Amino acid sequence: MTEQTVLIAGAGPVGILNALGLARAGISVTVLERGSEVVQSPRAMVYHWSVLDGLERLGLFDAAAARGFLKQGYTYRVHATGEQVSFGLDALEGRVAHPYNLHLGQNALVELALEELSAFPHAKVLWNTEVHSVDQDDNVVRVRTISDGDPLVLTAQWLIGADGARSTVRESVGIAFDGHTWPERFVATNIRIDLEAHGWPLTTMLIDDRYGAIISKIDTTNLWRFTYCEDEALPVETVLDRMPEYFEAVFPGIDDIELVAFSPYRMHQRAAATFRVGRVLLAGDAAHATNPTGGLGLTSGLFDTYVLYEALAAVIDGRVSDAVLDEYARLRREVFVDKVSPAASANKKLVYHSSNGAAFDEAMAELRQLSSDPDALFERLMFPKSLETPSLVAEVHA
């Protein structure tokens with residue numbers, strides 16, 4: 001049985017960035033990851049401008065911007081009519097530190113964070129280590145795992161569950177995951193094609209009942225993300241057989257698309273009943289799951305991370321009581337339930353289910369207004385900032 005100050009389940013961006021923040025604060029931390037390496041399948045890849053300050057505090061922004069790219073524009077396009085409404089984050093210039101979004105696959109961000117983490121001898125990642133159960137008492141939390149095929153029990157003062165929507169940590173401590181699962185299947189694809197040369201903006205929200213999609217450039221190698229949805233009742237085994245229909249409908253006349261990777265998955269709108277039970281804390285998808293339309297899932301997970309690692313470090317250092325962790329749990333859950341989930345649901349409805357004439361007309365009128373009303377545009381662009389929870393430990397920034 002080995003002991004660390006903090007254990008973290010899950011080596012995705014939320015788990016690894018929490019580890020990095022704690023390690024930079026001098027806290028010993030071990031990350032437990034059931035996989036053998038960083039997951040490479042298509043996942044989140046857009047970081048809203050509002051989370052970039054936090055990446056800078058962790059020492060990751062410059063490297064992340066160099067590996068990915070920064071962009072300011074959005075385009076909404078109605079598939080049936082070809083109407084386009086475009087607007088940009090240049091309206092934020094002079095008002096915020098980072099008036100742009102960052103495009104970078106979350107796998108690449110994790111790789112960069114792991115490079116930083118490797119500089120701290122009191123931090124480590126155990127790959128091929130699957131969490132099987134968790135229990136705790138007033139003093140420690142115990143995590144039973146299978147590591148490289150053998151049983152391994154670890155103890156720590158604290159455990160962060162960042163092990164995704166199917167979180168073993170959350171289930172082990174008996175926290176309900178309230179909400180619903182959408183009746184559609186999302187299919188995220190990575191494709192290699194120069195869509196800019198074919199007139200596609202860097203990010204397009206394609207509005208259509210059947211061919212609705214999010215189309216966004218991932219990096220500077222002409223790798224793009226094309227995400228659409230289909231009936232979940234269709235066999236998942238034949239997703240690849242149906243994919244050409246979507247390519248042909250959305251990209252007519254473009255026949256040199258290279259499919260690099262794809263990932264079909266279910267979509268949820270769920271929140272854990274609480275983000276804290278004793279010495280166990282939840283963050284990211286383990287705490288809340290949302291459909292990805294609008295990129296609010298990873299945004300929420302990063303805002304969880306920024307406030308959690310510094311609050312937990314302050315508790316461990318004895319600067320504040322652990323009541324601050326109850327505040328973390330309460331405030332982050334409120335943000336998700338009251339803001340993130342409704343916004344993501346509205347985004348999904350517009351892009352993929354726009355048959356309601358009155359609702360569609362109203363949504364399009366609001367979008368068109370952004371090109372002529374600077375105040376309306378600024379208010380919309382500031383929405384991702386409203387998902388942030390300010391530091392709960394004032395002296396950290398003193």
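Values below: every heavy atom of this structure, side chains too, minus hydrogens, waters and symmetry copies. Nothing fancy with the numbering, it's 1 onward along the sequence. For clarity, every value in this text was computed on a predicted model and none was experimentally measured.
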Ion pair present between [X] and [Y], side-chain N to carboxylate O less than 4.0 angstrom?
| X | Y | answer |
| --- | --- | --- |
| R34 | D163 | no |
| R333 | D304 | no |
| R77 | E83 | no |

Open item on the list: For H98, give me all partners under ring-ring contact (aromatic ring centres under 6.0 Å, His included), at least two apart in sequence or on another chain.
Closed with: F61, Y100
Task: Counterpart residues, ring-ring contact (aromatic ring centres under 6.0 Å, His included), relative to F120 (two or more places apart) - done: H122
Task: Least distance between heavy atoms, R380 atom then P384 atom - done: O-CD, 4.0 Å
TODO: Would you name the heavy atoms of G73 and T203 that are closest together and state the gap between them?
DONE: O-CB, 4.1 Å
Open item on the list: My understanding is that only one of R210, K349, K348 makes a salt bridge (charged side-chain N to carboxylate O under 4.0 Å, His left out) with E184; could you say which?
Closed with: K348
Between [X] and [Y], is there a donor-acceptor pair closer than 3.5 Å when you use the side chain of the first and the backbone of the second?
| X | Y | answer |
| --- | --- | --- |
| E33 | G35 | yes |
| R279 | Q157 | yes |
| S354 | V351 | no |
| W224 | N190 | no |
| T204 | L206 | no |
| R276 | G278 | yes |

Show me, pair by pair, the donor-acceptor contacts under 3.5 angstrom made by side chains of residues 234-241, not counting sequence neighbours?
unit_1: T238; atom_1: OG1; unit_2: P235; atom_2: O; d: 3.1
unit_1: T238; atom_1: OG1; unit_2: R242; atom_2: NH1; d: 2.6

Open item on the list: To the nearest 0.5 Å, what is the distance between CD on E327 and CZ on R330?
Closed with: 4.0 Å
Task: Pair Q269-W182, side-chain hydrogen bond (donor to acceptor under 3.5 Å, both in side chains): steps then yes or no - done: CA-CA 8 Å; Q269 297 299 138; W182 294 101; 3.2 Å; yes
Please tell me whether [X] and [Y] have a donor and an acceptor in their side chains that are separated by less than 3.5 angstrom.
| X | Y | answer |
| --- | --- | --- |
| S133 | S172 | no |
| T189 | R225 | no |
| Y74 | N101 | yes |
| E310 | S391 | yes |
| T290 | R270 | no |
| H268 | D285 | no |

TODO: With the side chain counted from C-beta on, respond yes when L20 and Y309 share a heavy-atom pair under 4.5 Å apart, and no when they do not.
DONE: no
Open item on the list: Is the shortest side-chain heavy-atom distance between T168 and V134 below 4.5 Å?
Closed with: no
Task: Among T75, T293, L350, the one residue meeting side-chain contact (heavy atoms from CB on, under 4.5 Å) with M205 - done: T293
Open item on the list: Is it true that, when you exclude R166 itself, more than 12 heavy atoms of the residues, nucleotides or ligands shown sit nearer than 6.0 Å to its CZ?
Closed with: no
Task: Whether over 12 other heavy atoms sit under 6.0 Å from E196 CD - done: yes
Open item on the list: Can you see whether F177 has R170 sitting over its ring - NZ or CZ less than 6.0 Å from the centre and within 45° of the normal?
Closed with: yes
Open item on the list: For the residue pair R185 and Y265, would you count it as a cation-pi contact if the rule is NZ or CZ under 6.0 angstrom from the ring centre and within 45 degrees of the ring axis?
Closed with: no
- [ ] Go through E111 and Q40 one step at a time and tell me if the side-chain hydrogen bond (donor to acceptor under 3.5 Å, both in side chains) criterion holds.
- [x] CA-CA 10 Å; E111 289 163 0; Q40 299 293 319; 3.0 Å; yes
- [ ] Tell me, with the steps shown, if R43 and S263 meet side-chain hydrogen bond (donor to acceptor under 3.5 Å, both in side chains).
- [x] CA-CA 8 Å; R43 303 214 175 178; S263 179; 5.9 Å; no
Task: Steps toward side-chain hydrogen bond (donor to acceptor under 3.5 Å, both in side chains) verdict (T145, E130) - done: CA-CA 5 Å; T145 75; E130 184 171 3; over 6 Å; no
Open item on the list: Is it the case that the ring center of F251 lies less than 6.0 angstrom away from the ring center of Y211?
Closed with: no
- [ ] Fit a plane to each ring of Y246 and Y228, take the angle between them on a 0 to 90° scale, and name the class: parallel (under 30°), tilted (30 to 60°) or perpendicular (over 60°).
- [x] parallel
